[in-house]
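Data block below; observations after.
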Amino acid sequence: KLVSVEVSTNGIKFLSTTDQKSVERIAIHKLVQCLSYENEIGSCNVAIVVAKNDSNLTCHLLQTDNHDEADHLCEQILN
């Protein structure tokens, strides 16, 4: 599913690109880790790890068009 990402001081919001409806919201205090990387087939990805509760984590994997976009997204989230 194609999504756009909005980052604010409160957290991260994934929006559907077709109708701009919110697909998921992540409160900033639930964010565990964000990293960008290139996989073995050359795709640029962003992994966002989120604490769902005390003992469970979930990971959102986003694919971007290029390294700069992936790095910029991580910088926005972590700053």
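Numbers here simply count residues along the sequence, with the first being 1.
Smallest separation of non-hydrogen atoms from Asn66 and Asp68: OD1-N, 3.1 Å.
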Do any side-chain atoms of residues 72-79 form donor-acceptor pairs under 3.5 angstrom with protein atoms, and if so which ones, sequence neighbours left out?
{"residue": "Asn79", "atom": "ND2", "partner": "Glu75", "partner atom": "O", "Å": "3.0"}

For residues 8-19, please give each side-chain donor-acceptor pair under 3.5 Å, one per line with the distance, not counting sequence neighbours.
{"residue": "Ser8", "atom": "OG", "partner": "Asn10", "partner atom": "N", "Å": "3.2"}
{"residue": "Ser8", "atom": "OG", "partner": "Gly11", "partner atom": "N", "Å": "3.4"}
{"residue": "Ser16", "atom": "OG", "partner": "Thr18", "partner atom": "N", "Å": "3.3"}
{"residue": "Ser16", "atom": "OG", "partner": "Thr18", "partner atom": "OG1", "Å": "2.8"}
{"residue": "Ser16", "atom": "OG", "partner": "Asp19", "partner atom": "OD1", "Å": "3.2"}
{"residue": "Thr17", "atom": "OG1", "partner": "Leu2", "partner atom": "O", "Å": "3.3"}
{"residue": "Asp19", "atom": "OD1", "partner": "Lys21", "partner atom": "N", "Å": "3.1"}

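Evaluation of the ring-ring contact (aromatic ring centres under 6.0 Å, His included) rule for His67 yields no partner, not counting sequence neighbours. Under the side chain to side chain contact (heavy atoms under 4.5 Å, CB included) criterion, Asn53 pairs with Ser55, Asn56, not counting sequence neighbours. Qualifying side chain to side chain donor-acceptor pair (under 3.5 Å) partners for Gln63, counting only residues two or more places apart in sequence or in other chains: Ser43. Taking Thr58 as the reference, Val50, Lys52, His60 meet the side chain to side chain contact (heavy atoms under 4.5 Å, CB included) condition, with sequence neighbours excluded. Applying the side chain to side chain donor-acceptor pair (under 3.5 Å) rule to Asp71 yields the partners Ser36; only residues at least two apart in sequence or on another chain are considered.
Members clustered with Leu57: Val32, Val49, by chain and number, using a 4.5 Å side-chain heavy-atom cutoff among hydrophobic residues. Residue Leu35 shares its hydrophobic cluster (ILVMFWY side chains chained together at separations under 4.5 Å) with Tyr37, Leu61.
Between the CG atom in Asn45 and the OG1 atom in Thr64 there is a gap of 7.0 Å [rounded to 0.5 Å].
Identified under the salt bridge (charged side-chain N to carboxylate O under 4.0 Å, His left out) test for residues 30-41, with sequence neighbours left out: none.
Put simply, the side chain of Ser4 reaches to within 4.5 Å of the side chain of Gln20, judged on heavy atoms.
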